[in-house]
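Start at 1 and go down the list; that is how both ligands and their atoms are numbered.
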Amino acid sequence: MLKDKIALVTGASRGIGKEIALVLASQGADIILVDINESLLQSAAKEVESRGVKTLIIKADVSNSAEVEKMADQAYQHFGKIDILVNNAGITRDNLILRMKDEEWDQVLSVNLKGVFNCTKAVSRYMIKQRQGKIINIASVIGIAGNAGQSNYAASKAGVIAFTKSAAKEFSSRNINVNAIAPGFIQTDMTDGLKEDVKKQMLERIPLGRLGTSQDIANVVSFLVSPSADYITGQTVVVDGGMVM
Ligand code: NAP
């Protein structure tokens with residue numbers, strides 16, 4: 001379904017980003033994998049190539065606008081177009097508000113929110129020329145419901161949801177759809193570090209009775225970038241087993 005499409009995925013060396021790259025590749029898209037972790041990027045790219053598609057790996061920090069400009073330029077020079085952008089790279093630096101350090105606030109906002117702005121700005125230039133594109137931003141249910149100890153993360157993800165709506169309005173006349181996905185509690189390295197009692201409490205709040213998988217998120221990305229979703233823009237799809245409703 002995505003044959004001849006070029007997709008750029010940030011934070012693609014592991015977790016949800018890697019699974020998104022694999023699922024889009026399974027549908028025929030060539031993949032640009034972007035991450036700060038170069039050795040993991042190479043092994044992720046090998047896995048993606050085993051799906052029979054081409055890949056390009058680019059080491060870039062999404063919070064650094066100069067690196068992101070270079071990234072978009074390199075991707076465009078290599079493939080001649082960019083059809084799909086998945087803004088997935090994200091971090092947590094959890095702390096209670098009274099204990100939160102400036103760096104913890106700034107790092108999370110820089111990667112999670114400014115990173116989405118940087119990549120959207122750099123890649124949308126090419127999409128505007130092409131008069132088509134699909135942008136997917138990975139937000140979080142925490143950006144909708146909030147969470148004690150995650151004020152920085154919640155603010156960044158709420159920002160991503162508002163940014164998604166603004167970008168959808170700005171780019172709609174150029175045939176570019178911009179949507180967000182708000183995952184709930186997904187089993188990855190990001191959540192593996194949580195204490196067992198916290199995980200148990202989370203599980204009790206999920207009506208479908210299980211944690212999400214990276215594939216649960218990647219499947220929704222693959223729908224939103226497909227022609228079946230051409231009339232959807234500015235939306236946030238919650239994928240959380242019913243946790244926040
Ligand atoms: P993860 O396993 O920690 O993977 C995140 C990836 O992003 C890592 O490869 C990381 O590189 C990369 N990254 C971090 N900072 C970066 C930067 N500045 N520039 C480029 N790449 C960077 O996380 P995940 O669980 O897959 O999460 C992916 C996205 O889903 C994030 O936006 C997260 O907020 C969101 N999300 C996750 C959950 C969940 O339950 N897991 C729930 C809701 C939303 P390193 O390997 O070097 O760290």
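- Every heavy atom of Gly115 sits 4.0 Å or more from the atoms of ligand 1.
- Relative to atom 30 (O) of ligand 1, the option among Val62, Ile138, Thr10, Asn87 with the closest non-hydrogen atom is Ile138.
- For the pair Lys157 and ligand 1, a heavy-atom separation below 4.0 Å is found.
- Distances shorter than 4.0 angstrom do not occur between any heavy atom of Ala12 and any atom of ligand 1.
- Under a 4.0 angstrom heavy-atom cut-off, Ser110 registers as lying outside contact with ligand 1.
- Proximity annotation for atom 32 (O) of ligand 1: of Leu211, Val160, Asn88, Asn88 comes nearest, heavy atoms only.
- Of all the atoms in ligand 1, the ones that sit under 4.0 Å from a non-hydrogen atom of Gly11 are 6 (C), 7 (O), 12 (C).
- Listed by chain and number, the residues in a ring pair (Phe, Tyr, Trp, His ring centres under 6.0 Å) with Tyr76 are Tyr126 (sequence neighbours excluded).
- Residue contacts with ligand 1 for Ala182 are absent, since no atom lies close enough (heavy atoms, distance under 4.0 Å).
- Across Ser214, Ser39, Ala139, heavy-atom proximity to atom 44 (C) of ligand 1 is greatest for Ala139.
- If you run side-chain hydrogen bond (donor to acceptor under 3.5 Å, both in side chains) between Asn87 and each of Thr120, Asn118, Asn112, only Thr120 comes through.
- Residues that satisfy the salt bridge (charged side-chain N to carboxylate O under 4.0 Å, His left out) test with Lys101, not counting sequence neighbours, are absent from this structure.
- Ligand 1 lies less than 4.0 angstrom from a heavy atom belonging to Ile91.
- Selection from Ile186, Val111, Val108 by nearest heavy atom to atom 40 (O) of ligand 1 gives Ile186.
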